[in-house]
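Basis for what follows: all heavy atoms, side chains included, without hydrogens, waters or symmetry-related copies. Keep in mind the model is a prediction, meaning the values are calculated, not measured.
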Amino acid sequence: MTITETTQYIRTKKKILKRFILKKEQIETTLALFQKNPNELSLHYKKMSCKKDKNRYSIRVLNTQYRILMTVEGDNTLLACVCDHDMRNKGC
């Protein structure tokens with residue numbers, strides 16, 4: 001599985017890290033677990049309904065209310081953004 005970060009993902013991740021909302025290790029641990037086993041129950045891996053992107057999914061950053069939004073196509077994963085649960089409905 002290849003994981004690619006978009007510029008929007010990098011921007012939102014920096015903002016959250018700068019505000020000390022999440023730790024870098026939390027995000028890295030979540031992504032490592034996702035890469036190892038996407039069906040891990042603690043990730044809450046779910047398909048989202050999005051008119052613009054039919055392949056939009058979200059996973060939960062472990063033990064937080066924050067989500068990582070992504071587009072999954074086959075073996076490729078494109079990370080879209082990191083946001084809290086309320087912002088995910090707005091697509092970040």
Exercise. Is a side-chain donor or acceptor of Q35 paired with a backbone partner of A32 at a separation under 3.5 angstrom?
Worked result: no
Problem set entry | Heavy-atom side-chain proximity of K13 to E5 below 4.5 angstrom | yes
Problem set entry | Contacts of Y9 that satisfy ring-ring contact (aromatic ring centres under 6.0 Å, His included) - sequence neighbours left out | none
Exercise. Any donor and acceptor pair, going by atom type alone, linking the side chain of T71 with main-chain N or O of R56 inside 3.5 Å?
Worked result: no
Exercise. For L79, does its backbone N or O pair with a side-chain atom of T6 as donor and acceptor, under 3.5 Å?
Worked result: yes
Exercise. Out of L62, N37, I59, which residue meets the side-chain contact (heavy atoms from CB on, under 4.5 Å) rule with S42?
Worked result: L62
For this session: Could you check if a side-chain atom of P38 sits within less than 4.5 angstrom of a side-chain atom of M1, using non-hydrogen atoms only?
Result: yes
For this session: Would you mind reporting whether L69 and C83 have side-chain heavy atoms less than 4.5 Å apart?
Result: yes
For this session: Please round to the nearest 0.5 Å and tell me the distance separating atom CD1 of I3 and atom CD1 of I68.
Result: 9.0 Å
Seminar exercise, completed: Taken in chain and number order and not counting sequence neighbours, the residues that satisfy side-chain hydrogen bond (donor to acceptor under 3.5 Å, both in side chains) with T2 are N76
Problem set entry | Crowding at NZ, K47 (>12 non-hydrogen neighbours, <6.0 Å) | yes
Exercise. In terms of hydrophobic clustering (I, L, V, M, F, W, Y; side-chain heavy atoms under 4.5 Å; direct or indirect links), are L31 and I10 co-clustered?
Worked result: yes
For this session: Treat each ILVMFWY residue as a node, draw an edge where side-chain heavy atoms are under 4.5 Å apart, and state whether L78 and I27 are in one component.
Result: no
For this session: Grab the two heavy atoms, one from K24 and one from L17, that are nearest each other, plus how far apart they are.
Result: N-CD2, 3.4 Å
For this session: Mind telling me whether Y45 and Y57 have parallel, tilted or perpendicular rings, with 30° and 60° as the class edges?
Result: parallel
Problem set entry | E73: partners by side-chain hydrogen bond (donor to acceptor under 3.5 Å, both in side chains), with sequence neighbours left out | N55
Problem set entry | Shortest non-hydrogen separation from Q26 to T64 and the atoms involved | NE2-CG2, 3.6 Å
For this session: Show the numbers, then the answer: is there a side chain to side chain contact (heavy atoms under 4.5 Å, CB included) between L22 and V82?
Result: CA-CA 10 Å; L22 293 176; V82 180; 4.2 Å; yes
Exercise. Tell me, do R67 and V61 make a side-chain contact under 4.5 Å, heavy atoms counted?
Worked result: no
